[in-house]
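Below is one structure, written out as structure tokens, with a few remarks after it.
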2 protein chains.
Amino acid sequence: MRKNFPMSAKLRDVAEKAGVSVATASRVLSGSAEGVRPERRQAVVAAARELQYVPNAHAQALARSGTTHIGAILHDVSDPYFSEIVRGLQRAAVDAGQLVTVCNSYRDPERELAYVGLLRSQRIGALILTGSGLDDRSYSERLAAQINAFASTGGRPVFIGRHHIAGDAVLPDNVGGARALARALVTMGHRKFAAISGPPLLTTTRDRLDGFKAGLAEHGITLDPAAIAPGDFTREGGMAGMAHLLDAGPAGYGSIASDATCVFALNDAMALGALRTLRDRDIDVPGRISLAGFDDIPATLDTNPTLTTVRIPLAEMGALAVSLALEPPSDELRVRHIRSEVVLRESTAPPAALSR
Amino acid sequence: MRKNFPMSAKLRDVAEKAGVSVATASRVLSGSAEGVRPERRQAVVAAARELQYVPNAHAQALARSGTTHIGAILHDVSDPYFSEIVRGLQRAAVDAGQLVTVCNSYRDPERELAYVGLLRSQRIGALILTGSGLDDRSYSERLAAQINAFASTGGRPVFIGRHHIAGDAVLPDNVGGARALARALVTMGHRKFAAISGPPLLTTTRDRLDGFKAGLAEHGITLDPAAIAPGDFTREGGMAGMAHLLDAGPAGYGSIASDATCVFALNDAMALGALRTLRDRDIDVPGRISLAGFDDIPATLDTNPTLTTVRIPLAEMGALAVSLALEPPSDELRVRHIRSEVVLRESTAPPAALSR
DNA sequence: GAGTCTGCTGAAAGCGCTTGCGAAAGAACT
DNA sequence: AGTTCTTTCGCAAGCGCTTTCAGCAGACTC
């Protein structure tokens, strides 16, 4: 494709026009050499400008065997959680003169694996894998194989928010954050909880749920398994999850909502959905029921009531991942643990009837 | 950098292991040839798998002089407006087997120009420029030069939502949408309006403002220039803009809010911010004042009240841009006009005191 | 003024892959 | 068995750039 086009000027053209050899031209244009007489230097620069010369990055990559490209694989850029991360990634990457290729895996393991291959073939210098890891044997093994191969050829894999297979990692404190949230909620007066969970196989789901349970357990409270609605980390999932809690309720329990005074949605997107369902049914938040999310995506400030959540510094994590990727590799894997922080807002309040 | 690493397997290794020539290996691995005996074919495939062979995309790009990479330059991926577009872009690109490199320009013309160069040097096949164009002479000219050079070497530039310099374009109907919105608002009963504008140099700002004014004009209403607060298309800008309207008010007019019954924020992000300011001051929306935005980003559904806005199919526009970029080039520039649609939600209602 | 350095340059060898072209090896015909 | 087609392959020439290495001035020694 795109053949027989007046191919853009190449280094040779510049060299000819400047009356020097390609070697010299390369030296001045790629900056690597000071050892070129000023006059020629200028001649080359002038010729390059005149010809609108743009170096062929592929040729350069081939010749130098290395690129200035970073690959990032994540669930979906338009999901605020990831787009915040990407923002941090981008910023740090640009500062380091790197370009970023982002790929949406839509949480499809196969697609993710395919992207790893594609990105590897682009000879990216670093690969950043974001999003909860999947707790699946076959997948993990295949991914590990790819990652190892990548790393063994000098590539730098970095994981964000997921169990790291063979690379540095930036991990938010899901367990601790959820536990702290549970504590805060109990302190507020809540005793009966319900939750909207995430995809069962995601490690994030497990960590947050476990942390939350642990926090409750500290106060001798248990989370009834029947009060855990399935969810998928999307807004729609949150809507459905809340509806599930409200309608079906666990067999024999009647509606959960008439029982629980506080619902923990495992991420903000679902909390947003849950809030919508609640509003649609005219259920007062936090009057009748308190609601908390996790992540602290920007939208949590625009809801009414504003959403209580656990803040994790998404953009910073992205930036941190890039800097890890760009640091010279070390012998042992580096893991950066990121503190999470409970942010109490309007969507949670002491249970209305403090009777109990 | 990253030298002396056990470089990953190359085609030659695969060929040797399979006992064939690189030419043959290339043929089977790159699929371009059916003319290879099945047995050898399999031998090559097997060898490739065994060696974990990953083709070097740079070498391929160089040899074929062409890539399967699309570049996209936009304001900021984490801005919902753009992340929706990117989502559409990504989807369409993947379907076409293309990778996408996204670059955040942060609306900085210099950065944008620099990215065009960088992306060109990556020999991307298509370049998608998103976000409002800047109404600046020098910038336009330099960009046009770059774009023309790109196009003249077979590259396919496509513009989304901005005046196209020299490439196909996907344009939302900003003028028409804003006009329709104005009509709807007037029909609802409003007579006095205020607006929160965008960056003055952006064409989008002008189009939306002009459209809105035109809509009002149809009913003999004019928008007092003093009732137009400056804005910057961000949430914070919206907060400030609304505060400006509320506090400062135009000299001699007293507070705009005590006058206008409806505020049009030129995009949803600002509308969100405006809503926040309104809530902070306990000003009822739409009871005391109606509010409308533009774009219909997902977050408009999560506010309370939900936001009246003008819907433009962001994701579709992204996808459309990719398909334009991938179609064989035509002689004349193709321009796809995208219909926008007024979506009335809870944030607008007839003015409380229909006295007037 | 012969011998050494230093500083610039250019020739040329790749980087890993694709592909046009001719050769080899069968297949199909007299 | 000798010819003529087809297939199927491998050779080798790039793709555009970087970088080593050796060459050649001119600047320095003594």
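Per chain, numbering begins at 1; letters A, B, ... match sequence-line order.
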S26(A) side chain vs V22(A) backbone, donor-acceptor pair below 3.5 Å: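 Between the backbone of V22(A) and the side chain of S26(A) there is no qualifying donor-acceptor contact (under 3.5 Å).
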Specify the separation, in whole Å, of atom [atom1] of [X] and atom [atom2] of [N].
| X | N | atom1 | atom2 | result |
| --- | --- | --- | --- | --- |
| L11(B) | dC15(D) | CG | P | 19 Å |
| R120(A) | dG16(C) | CZ | P | 15 Å |
| H58(B) | dG14(D) | NE2 | C1' | 19 Å |
| L29(A) | dT9(C) | CG | P | 15 Å |
| Q60(B) | dG16(C) | CD | P | 13 Å |
| N56(A) | dC17(C) | CG | P | 16 Å |
| E39(A) | dG7(C) | CD | C1' | 13 Å |
| R27(B) | dT19(C) | CZ | C1' | 7 Å |

What's the closest nucleotide to the side chain of [X] if the choices are [options]?
| X | options | result |
| --- | --- | --- |
| A59(A) | dC17(D), dT9(C), dA11(C) | dC17(D) |
| V36(B) | dC15(D), dA12(D), dC9(D) | dC9(D) |
| R40(B) | dC9(D), dG16(D), dC17(C) | dC9(D) |

Shortest non-hydrogen contact from A93(B) toward I70(B): CB-CD1, 4.3 Å
Looking at [N], I'd like to know if its phosphate oxygens (OP1 or OP2) sit under 4.0 Å from a side-chain N or O belonging to [X].
| X | N | answer |
| --- | --- | --- |
| T24(A) | dT9(C) | no |
| S26(A) | dC17(D) | no |
| R64(B) | dT18(C) | yes |
| R12(A) | dG16(D) | no |

Residue whose closest nucleotide on DNA chain D lies nearer the 5' end, L62(B) versus V22(A):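 In this pair, the answer is L62(B).
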Sequence neighbours excluded - ring-ring contact (aromatic ring centres under 6.0 Å, His included) pairs with any residue from residues 94-147 of chain B: none
Matching residue for R41(A) among V36(A), T24(A), L29(A) - test: side-chain contact (heavy atoms from CB on, under 4.5 Å): V36(A)
Most 5' of R37(A) and A57(B) on DNA chain C, judged by nearest nucleotide: R37(A)
Minimum side-chain heavy-atom gap Q90(A)-V322(A) below 4.5 Å: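 Counting from C-beta outward, Q90(A) and V322(A) never come under 4.5 Å.
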Donor-acceptor pair present, R123(B) side chain and dG16(D) base, under 3.5 Å: no
